[in-house]
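Reading through the structure tokens given below for one structure.
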Amino acid sequence: MKQGNDFFNDVYDVVRQIPKGRATSYGAIAAYLGEKRGARVVGWAMGSSYNQKDLPAHRVVNKQGELTAARLFETPTTMQERLESEGVKVRNGKIQNWEQCFWDPEKELH
DNA sequence: GGGCTGACTAGGC
DNA sequence: AGCCTAGCCAGCC
């Protein structure tokens, strides 16, 4: 749920609720938080949260299902490996069945 | 306080 | 289809 204090906290909270084997986009999170044009802020918030070990950051990708943040993880393949270990099929840094894996917070969290 | 940056997106060429 | 530009907003010089 929203904390209302920090936008970061809202982002983190939404990301934590992403079910295993699913993924969402920055824009979807931004839209859910009421920041229709705040996709960059979401991504930036995520980038500033590499300390948040409990945060399944690998479940957040861009709108095309591409793992644009893969290079920021421990290794360039960590993000893909984590997704695949959860059942998400990734090919060349891109989620294959993206439409099926996509998790929309606006619909799921209502 | 002004300008730069970025894990984004949509639109134009 | 691929590259470029503009808009977006919060944090950090």
Side-chain angles (χ1 to χ4, degrees):
Chain A
M1 296 298 291
K2 287 178 155 186
Q3 302 297 319
N5 298 325
D6 297 320
F7 186 79
F8 286 12
N9 201 14
D10 293 342
V11 175
Y12 303 153
D13 202 48
V14 174
V15 174
R16 287 197 192 92
Q17 296 182 62
I18 301 174
K20 180 180 179 181
R22 304 291 290 280
T24 190
S25 71
Y26 309 96
I29 296 173
Y32 174 72
L33 296 177
E35 297 289 341
K36 230 173 181 179
R37 291 291 183 185
R40 298 199 80 177
V41 181
V42 174
W44 164 79
M46 296 296 295
S48 302
S49 71
Y50 55 88
N51 287 329
Q52 307 282 336
K53 297 178 182 176
D54 296 335
L55 202 65
H58 57 280
R59 292 179 189 155
V60 184
V61 297
N62 71 357
K63 191 124 197 186
Q64 301 176 24
E66 296 172 337
L67 282 56
T68 55
R71 64 185 186 85
L72 302 178
F73 279 70
E74 304 170 16
T75 73
T77 58
T78 301
M79 192 173 185
Q80 176 174 337
E81 290 174 358
R82 286 184 183 174
L83 284 171
E84 291 185 329
S85 68
E86 295 182 352
V88 179
K89 295 179 182 178
V90 180
R91 178 74 173 183
N92 293 331
K94 188 174 181 180
I95 296 176
Q96 295 199 316
N97 53 337
W98 172 230
E99 293 183 2
Q100 299 177 32
C101 290
F102 183 72
W103 181 81
D104 190 346
E106 289 189 287
K107 293 179 181 178
E108 305 295 339
L109 297 180
H110 190 246

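When reading the values below, keep in mind they use all heavy atoms of this one structure, side chains included, and skip hydrogens, waters and symmetry mates. So you know, we letter chains A, B, ... as the sequences are listed, proteins then strands, and number each from 1.
Residues A:Leu83 and A:Leu67 are in side-chain contact: their nearest non-hydrogen atoms beyond the backbone lie under 4.5 Å apart. By the 4.5 Å heavy-atom criterion applied to side chains, A:Val61 and A:Trp98 are counted as neighbours. For the pair A:Glu74 and A:Glu81, the minimum side-chain heavy-atom distance is 4.5 Å or more. Side-chain contact between A:Val60 and A:Met46 is present, with heavy atoms from C-beta onward closer than 4.5 Å. Between A:Arg82 and A:Arg59, the closest side-chain pair of non-hydrogen atoms is not below 4.5 Å. With contacts defined as side-chain heavy-atom distances shorter than 4.5 Å, the pair A:Ile95/A:Lys89 does not qualify. Side-chain contact between A:Trp103 and A:Cys101: absent, with no pair of heavy atoms (C-beta onward) separated by less than 4.5 Å.
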Report task. Report, as a single string ordered 5' to 3', how protein heavy atoms within less than 4.0 Å touch nucleotides 8-13 of chain B: B base, S sugar-phosphate only, - not at all. Result -> BSS---

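Within the nucleic acid shown, A:Ala30 has no heavy atom closer than 4.0 Å to any nucleic acid atom.
The separation of B:dA7 from C:dG2, taken at their P atoms, amounts to 22 Å, rounded to a whole angstrom.
Nucleotides of DNA chain C lying under 4.0 Å from heavy atoms of chain A occupy a range whose first and last members, 5' to 3', are C:dG7 to C:dG11.
For the pair A:Glu66 CD and B:dA7 P, the computed distance is 15 Å after rounding to whole Å. Summarising the geometry, the separation between CG on A:Leu67 and P on B:dA7 is reported as 14 Å, rounded to the nearest angstrom. Taking atom CG on A:Leu83 and atom C1' on B:dA7, their separation rounds to 13 Å, with Å as the unit.
Distance check: A:Thr24 OG1 to A:Asn62 CG gives 11.0 Å after rounding to the nearest 0.5 Å. The distance from the CZ atom of A:Arg91 to the CD atom of A:Gln80 is 9.5 Å, given to the nearest 0.5 Å. To the nearest 0.5 Å, atom NZ of residue A:Lys36 and atom CG of residue A:Leu33 are 14.0 Å apart.
Contact between A:Tyr26 and A:Val42 at its shortest, heavy atoms only, is O-CG2, 3.8 Å.
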Query raised in the report: What pattern of brackets, bars and dots sums up DNA chain C from 5' to 3', given Watson-Crick or G-U wobble pairs under 3.5 Å, [ ] for crossing pairs and | for another strand?
Result: .||||||.|||||

